[in-house]
Participant: 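This is the structure, below, for whatever I ask next.
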Amino acid sequence: MSVERHVKIFRNGRSQAVRIPREFELASDEAIMRKEGDRLIIEPAPPKSLLALLETLAPLDEDFPPIQNWRSTPSSA
């Protein structure tokens with residue numbers, strides 16, 4: 001069962017706005033908004049950088065084998 005709240009739409013300058021109730025608060029400072037038919041969908045925006053994405057991943061509990069023949073400078077081709 002999904003949770004619903006009746007909310008008021010108001011004007012903020014020339015735009016329509018809605019206050020998001022606390023129980024629907026997004027864990028992000030940015031969101032993606034799209035319209036599907038008569039429905040307005042608001043979702044948290046994905047991380048912008050690879051580093052931000054990597055910070056959301058759990059650490060690996062795996063040992064990696066040593067790398068053989070590693071070069072500190074690029075080879076000329």
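The figures that follow rest on heavy atoms only: side chains count, while hydrogens, waters and symmetry mates do not.
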Participant: Heavy atoms only: give me the nearest S28-E30 pair and the separation to one decimal.
Facilitator: OG-O, 2.8 Å
Participant: With rounding to the nearest 0.5 Å, note down the distance linking CD1 in I41 to CE in M33.
Facilitator: 10.5 Å
Participant: Between atom CZ of R34 and atom CD1 of I42, what is the distance when rounded to the nearest 0.5 Å?
Facilitator: 10.5 Å
Participant: Table please: side-chain donor-acceptor pairs of residues 5-19 below 3.5 Å, with sequence neighbours left out.
Facilitator:
| residue | atom | partner | partner atom | Å |
| --- | --- | --- | --- | --- |
| R5 | NH1 | E23 | OE1 | 3.2 |
| R5 | NH1 | E23 | OE2 | 2.6 |
| R11 | NH1 | R14 | O | 3.4 |

Participant: Taking side chain as C-beta onward, heavy atoms only, is L53 less than 4.5 Å from P46?
Facilitator: no
